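All remarks here apply to the structure that follows.
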Amino acid sequence: MKRVQLAAAPEGPTSEHQLILSDKAGISRLSSWLTDAEMVYVEQAVARDAHRYFFIRPEGKMLVVHVLKAQSDPRFALEEARLAGNEMLRDLRLHKIEDFTLYNACENNRSLAYAEGMALGSYQFLKYYSHPEKKEKALRTIRFNTSAASAAEVLELHIVLEAVFLARDMVNEPHSHFNAHHLSEVVRDSAYRYGFSAEILDKDKIENLNMGGLLAVSRASSAPPKFCILEWKPADARNAKPLVLVGKGVVYDTGGLSLKPTEGMDYMKCDMAGAATVIGIFTAAARNRLPVHLVGLIPASDNLIGSNAILPGDVIRMHSGTTVEVLNTDAEGRLLLADALHYAKQYKPGLVLDLATLTGAAVRALGNQVICYMGTAGDDVKKDLEQSGWNTYERMVELPLWKEFGDDLKSNIADLRNVGSGNAGMITAGKFLEHFTDYPWLHLDIAGPAYLRTANGYRTKDGTGVGVRLLYDFLKNYATN
Ligand code: BES
Ligand code: ZN
Ligand code: ZN
């Protein structure tokens, strides 16, 4: 199964299919490609609100013209181009066009976003079919003429998209083929291939570090937990204090003895989406050589049932020394994240971001279009992150972390309990995590947008890889400002 490649087109005339992107303001530029009669046709069709045209050229090559609709609010301009690219994908599949060269004839060049939407929409996960070729709707190569984008821009986008696909792949892998060991192997392989460093702590080391949260979650599993430490430290890093990314790596969440019902459990292979995103970001940051010092921490385990499982009511001692009364074994993510957040303190980080499919409450309150976030980092960081949310259309909304929400976490037997009273569950989860931080920190609950049961535009069904494009954009600006 081949994934789409984005590449710069060679100079000079091409013998491939051509796709010309235009908009109403740029429509006269189409005369470089179209005959007078074709120009008249397109002008009339645009007036009737038709936007995609296919012209046959010698040797069966196609000249495809897409006139983008007039853009509405500038905040939606790039997203409209991505969605238009995804719509064109359907037409290209009908015409069996798998390779083409993209040209820009727009007043406002949005070629990269257009190709991004098309490429993201073309993703398929077919490896477990006996005959994947029968299901494959291939899009092989998008070549960019220099009018559309520079070679450097194309390569950068190609790498970011590969990172999204890697994150989607990991989320889509079923638990039968992807446990904590497999996850740590992806970390190791990616580190080796792309030149960041990785250290995988096995169960003995995790025990020596007294990571009681991670160990409690993994107790019923026959596959040992892993704690992955990633680092990208380029010589030209602009941040003196590292930025730490923490990803929830629950490779399957049955809920433990607080067992989930089948209809909530059936897609819980997605519960390592935070970890997948962190790994994806490291590949993109290292391959594109972002000048920013990054550390990644991934506590990885499944959350299973068994005679050795942690019981509701048990008390555990965390890596930080804090004791926690575990009243609900399904609130496991915060246990292993808490150990990772405490571990992060030794780096004296300038900023810590954690990504986690943490609560059903976030999904119920906000659905799958938005990442809800909360935390103690400064307003400038929050503003930049929200701006990256708009840039990439992985939008963010902030929830309050007022101290009163923490009252819910008082235990009458230990320092904390792991669940609140039931209301505002995404915030009590955040309050729990906050307890283990002493640095500027933001928690991103991606439970809503990380996994879709049906496709939504170019966000294909199942794992979306949400957070990779968002944080790549954020890091790029973090590095340059
Ligand atoms: N992994 C789930 C959260 C989740 C729900 C992720 C839906 C993706 C989609 C998490 O571990 C969990 O089960 N949380 C519980 C916490 C509760 C017991 C306090 C929840 O949200 O129901
Ligand atoms: Zn759970
Ligand atoms: Zn979970």
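Bear in mind that the values here come from a model prediction, so they are computed numbers and not experimental data. Start at 1 and go down the list; that is how both ligands and their atoms are numbered.
- Within ligand 1, counting atoms from 1 as listed, the ones closer than 4.0 Å to a heavy atom of M268 are 1 (N), 4 (C), 5 (C), 6 (C), 7 (C), 8 (C), 9 (C).
- Separation of the F227 and Y343 ring centroids falls under the 6.0 Å cut-off.
- Sparse packing is recorded around NZ of K461, with 12 or fewer heavy atoms of other residues, nucleotides or ligands lying under 6.0 Å away.
- Residue-ligand proximity, V419 to ligand 1, at heavy-atom distances under 4.0 Å covers atoms 19 (C).
- Between the side chains of H181 and E185, not a single donor N or O lies within less than 3.5 Å of an accepting N or O.
- For ligand 1 and K260, the ligand atoms under 4.0 Å from any heavy atom of the residue are 2 (C), 12 (C), 13 (O).
- Per residue D271, closest N, O or S atom to the Zn ion (ligand 3): atom name OD2.
- Of the protein's heavy atoms, D253 OD2, 3.5 Å lies nearest to atom 2 (C) of ligand 1.
- Remark: distances from the non-hydrogen atoms of Y451 to ligand 1 are all 4.0 Å or more.
- Between the side chains of T359 and D445, at least one donor-acceptor pair of N or O atoms lies under 3.5 Å.
- Within 6.0 Å of OH on Y129 lie no more than 12 heavy atoms contributed by other residues, nucleotides or ligands.
- Among the atoms of V250, none of the N, O or S atoms falls under 2.8 Å from the Zn ion (ligand 3).
- The cationic atom of R453 (NZ for Lys, CZ for Arg) does not lie both less than 6.0 Å from the six-membered ring centre of Y451 and within 45° of the ring axis.
- Those atoms of ligand 1 that come under 4.0 Å of a heavy atom in N328, given as number and element, are 18 (C).
- Residue contact check: T357 has heavy atoms under 4.0 Å from atoms 1 (N), 2 (C), 3 (C), 6 (C) of ligand 1.
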TODO: For the pair Y458 and E87, evaluate side chain to side chain donor-acceptor pair (under 3.5 Å) and give the outcome as yes or no after the intermediate values.
DONE: CA-CA 9 Å; Y458 58 82; E87 271 173 41; over 6 Å; no
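- Here is the list of ligand 1 atoms found below 4.0 Å of a heavy atom in G360: 3 (C), 5 (C), 20 (C), 21 (O).
- Of all atoms in ligand 1, listed by their number and element, those nearer than 4.0 Å to a heavy atom of Y267 are 7 (C), 9 (C).
- Residue A414 comes nearest to E325 through the heavy atom pair CB-N, 3.8 Å, listed as atom of the first residue, atom of the second, then distance.
- At least one heavy atom of R334 sits closer than 4.0 Å to an atom of ligand 1.
- With a heavy-atom cut-off of 4.0 Å, L358 touches ligand 1 through its backbone alone.
- For ligand 1, the atoms sitting less than 4.0 Å from at least one non-hydrogen atom of E332 are 11 (O), numbered in the order shown with element in parentheses.
- The closest side-chain donor-acceptor pair between D339 and H342, if any, does not fall under 3.5 angstrom.
- Taking 4.0 Å as the cut-off, K248 counts as a neighbour of ligand 1 on heavy-atom distance.
- Checked against a 3.5 angstrom limit, the closest N/O atoms of C270 and ligand 1 fall outside it.
- Scanning all protein heavy atoms for the shortest distance to atom 12 (C) of ligand 1 gives D330 O, 3.2 Å.
- Checking I206, L336, L335 one by one against L215, the side-chain contact (heavy atoms from CB on, under 4.5 Å) holds for a single residue, I206.
- Distances from the Zn ion (ligand 3) to the N/O/S atoms of E332 are shortest for OE2.
- Between the side chains of D415 and T323, a donor-acceptor pair is found at a separation under 3.5 Å.
- Shortest distance from the Zn ion (ligand 2) to D253 is reached at OD2 (N/O/S atoms only).
- Atom CG of L83 is separated from atom CZ of R459 by 10.0 Å, given to the nearest 0.5 angstrom.
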